[in-house]
2 protein chains.
Amino acid sequence: MKNLPSIKQLQYLLAVHQHQHFGRAAEACFIGQSTLSSAIQNLEETLGCQLIERENRSIMFTAIGEEVVERARKIIDDTISVKELTKSFLNPLQGQLTIGIIPTVASFIAADLYHLCATEFPDLELVLIEDTSDNLLDKLEKGQVDVALLALPYNTKKFHTHILAQDPFNMVMHKDYEAAKGIADFNLLPPSSVFLLEREHCLTDHALSACHLSKSECINPFEAASLHTLLSMVERQLGVTFLPQMAINAGILAHKPMVFNAAQDTAYRDIGILWRKTSGRIRDFRLLCDKLKPFFTEKCAR
Amino acid sequence: MKNLPSIKQLQYLLAVHQHQHFGRAAEACFIGQSTLSSAIQNLEETLGCQLIERENRSIMFTAIGEEVVERARKIIDDTISVKELTKSFLNPLQGQLTIGIIPTVASFIAADLYHLCATEFPDLELVLIEDTSDNLLDKLEKGQVDVALLALPYNTKKFHTHILAQDPFNMVMHKDYEAAKGIADFNLLPPSSVFLLEREHCLTDHALSACHLSKSECINPFEAASLHTLLSMVERQLGVTFLPQMAINAGILAHKPMVFNAAQDTAYRDIGILWRKTSGRIRDFRLLCDKLKPFFTEKCAR
DNA sequence: GAATTTAATCGGTTATAACGATGAAAAACC
DNA sequence: GGTTTTTCATCGTTATAACCGATTAAATTC
């Protein structure tokens with residue numbers, strides 16, 4: 001049986017890498033500086049090579065040291081996952097759960113989601129984080145969120161992906177806007193009459209592809225930062241936009257002189273939930289899915 | 001800082017799982033039975049749940065125990081990789097290297113590959129394993145081979161994949177076989193005139209797709225188990241087959257009344273090398289690639 | 001040149017991992 | 001039905017390692 005580095009040694013190494021300082025790293029690990037120093041030396045001994053160059057006043061990781069740090073981080077994460085696994089096995093859906101949600105979903109369901117979890121999982125401390133798909137995927141990988149709720153299709157093959165509901169698109173316009181009425185192929189809409197969100201939002205891409213809109217001249221170059229800005233533009237300019245059913249069900253058009261109708265039967269975005277394949281709380285997430293599926297299905301119902 | 005299970009505890013757990021017996025597992029770990037027993041108890045303590053049900057005469061892993069074992073195996077593998085990483089950093093391409101190779105490559109290059117490694121990497125102890133693509137991918141995942149050499153395209157996204165050379169296909173036939181001469185579209189060959197290997201061999205699929213052969217009636221239902229059987233069929237029956245350049249360069253047609261000509265410019269298979277993304281010897285493998293690339297390029301040269 | 005910073009070293013203590021012997025419980029043997 | 005065997009848990013002990021605090025050494029700063 002090989003003499004492998006220990007979990008503790010790897011933890012200490014990560015601490016040194018994080019703080020770039022033995023003293024502060026030791027403090028963070030609640031051990032003495034001497035203990036940390038010898039622990040790193042032992043690790044270097046078992047690995048048979050130098051990981052850190054101790055210079056005059058500062059330390060520097062060697063190339064091989066950096067590589068070891070990267071792998072150590074993964075090992076520690078996996079080990080933490082094992083603990084989470086057993087913990088969540090005993091007490092399902094307890095403790096803190098951090099969910100990342102994209103803006104074009106969060107604003108319409110956040111409040112009800114809190115309520116749902118409070119009643120279904122009273123021991124769960126829910127933390128919601130709103131960000132773009134790209135940022136959420138990044139945070140998911142780094143462990144800053146436990147699961148992410150976003151709109152698909154999206155490049156999510158790194159993570160386990162599960163579809164919760166279909167959210168159909170609707171064409172939305174002022175009730176007096178005649179130019180769009182009865183149009184089947186949206187590419188035939190008047191020039192600059194289609195208003196969309198700015199590019200960061202996946203809703204823009206989804207609306208374009210789901211409604212078979214080629215990037216034609218019918219799209220207005222203005223890029224709105226929020227759905228409400230978008231709506232006010234559409235209301236004033238007498239153009240059209242495409243909104244998911246979820247937004248309409250949440251009452252975004254209430255008391256406005258706007259009308260909407262189903263874009264096409266096949267025009268929809270999927271609402272999906274993602275988690276790290278190596279997560280220790282997969283059991284928790286599946287239980288959560290059981291409740292989220294009817295929840296989102298209702299939120300997106302015509 | 002959390003109290004995580006230690007590497008040793010996980011190693012011991014794996015040993016118990018492997019032997020399904022405390023005493024024999026302890027022996028395999030070179031520790032006493034009592035030590036192992038308490039180590040497992042400590043592990044169960046830190047994880048907060050039972051992993052093994054100790055019954056009268058036999059032990060049984062709980063469901064959660066099996067899950068922990070699976071994750072522990074990965075953690076241990078990753079930790080071993082860290083050691084290998086540092087070791088191969090100090091002494092590149094030393095020690096044992098196990099290469100898996102598919103039959104339709106191995107038989108033509110194995111001897112020369114041994115010779116190449118013996119001269120370029122004298123400290124390397126080369127072990128070659130010949131098996132089908134499917135089996136090699138399985139062995140690669142389990143760590144039974146360090147790298148795999150196979151023909152692409154193949155579903156290899158689980159692993160790091162690197163293409164070494166293109167191996168063109170040639171149509172091969174008896175020199176007196178007139179029916180195939182001057183034919184551009186291979187689908188127009190006479191019925192049952194194309195002989196191929198049995199389905200397990202990826203060469204069959206590659207020949208079909210690279211030469212744009214739809215599974216038409218020109219393909220003979222006979223499935224040969226080796227290229228030599230295949231050739232004897234073609235020689236006797238006066239039909240055709242498709243052989244990679246590598247086979248021809250190795251002299252498979254020497255002293256035979258056979259002729260060959262390039263199938264098409266675009267008809268080729270790629271020779272690729274694969275390794276686990278988490279392997280600790282990636283540096284080694286890249287050095288190996290530097291030598292393998294010219295080696296295979298020459299082996300496949302027209 | 002004194003003060004400061006920083007990691008290594010040293011001596012001593014505590015905690016952990018290891019051993020061997022024994023114990024308990026169930027099954028197998030006779 | 002009692003004895004032996006098998007097998008894991010427990011106990012007391014010892015060796016190893018992990019850890020602490022104080023000190024040292026080297027370099028930088030003032």
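Order of the sequence lines fixes the chain letters, A, B, ..., with proteins taken first and strands second; residue numbering starts at 1 for each chain.
As a whole-Å value, the separation of A:R24 CZ from C:dT5 C1' is 11 Å. One atom, NE2 of A:H19, and another, P of C:dA7, lie 12 Å apart when rounded to the nearest Å. Taking atom CZ on A:F22 and atom C1' on D:dA27, their separation rounds to 16 Å, with Å as the unit. Distance CG (A:L10) to P (D:dA18): 13 Å, rounded to an integer number of Å. For A:I7 and D:dA18, the CD1 to P distance is 13 Å, given to the nearest whole Å. Rounded to a whole Å, the CD atom of A:E44 is 12 Å from the C1' atom of C:dA7. Rounded to whole Å, the distance from CD on A:Q20 to P on C:dA7 is 10 Å. Rounded to whole angstrom, the span from the CD1 atom of B:I59 across to the C1' atom of D:dA9 amounts to 14 Å.
Between A:K74 and A:D78 there is a salt bridge, since a side-chain N of the basic residue sits under 4.0 Å from a carboxylate O of the acidic one. Salt-bridge check for A:E44 with A:R54: passed, with a basic side-chain N closer than 4.0 Å to an acidic carboxylate O.
Remark: A:K291 NZ is loosely packed, at most 12 non-hydrogen atoms of other residues, nucleotides or ligands lying under 6.0 Å away. Surrounding CD of A:Q144 are more than 12 heavy atoms belonging to other residues, nucleotides or ligands, all under 6.0 Å away. Remark: B:K83 NZ is packed, more than 12 non-hydrogen atoms of other residues, nucleotides or ligands lying under 6.0 Å away.
Among the heavy atoms of the strands, none lies under 4.0 Å from A:L36.
Using a 4.0 Å cut-off, some side-chain N or O of B:H21 falls inside it from OP1 or OP2 of D:dC8. Proximity of A:R54 to the phosphate of C:dT6: no side-chain N or O atom is located under 4.0 Å from OP1 or OP2.
Comparing the local axis fitted to the first five base pairs of the helix from C:dG1-D:dC30 to C:dC30-D:dG1 with the one fitted to its last five gives a bend of 10°, rounded to 10°.
Under the 3.5 Å distance criterion, the side-chain polar atoms of A:T62 are left unmatched by any main-chain donor or acceptor of A:I52.
Residues A:I40 and A:L51 have side chains not in contact (no heavy-atom distance under 4.5 Å, counting atoms from C-beta outward).
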Item to complete: Sugar-phosphate atoms are those with a prime plus P, OP1 and OP2; base atoms are the rest. Using that split, label each nucleotide of nucleotides 9-18 of chain C B, S or - for protein heavy atoms under 4.0 Å, 5' to 3'.
Response: B-------SB

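Of all non-hydrogen atoms in B:F121 and B:L287, the two that sit nearest each other are CZ-O, 4.1 Å.
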Practice prompt. Evaluate the side-chain hydrogen bond (donor to acceptor under 3.5 Å, both in side chains) criterion for residues A:Y154 and A:D134: first the C-alpha distance (whole Å), next the side-chain angles of each, then the deciding distance (0.1 Å), finally the verdict.
Written response: CA-CA 10 Å; A:Y154 209 85; A:D134 276 342; 2.8 Å; yes

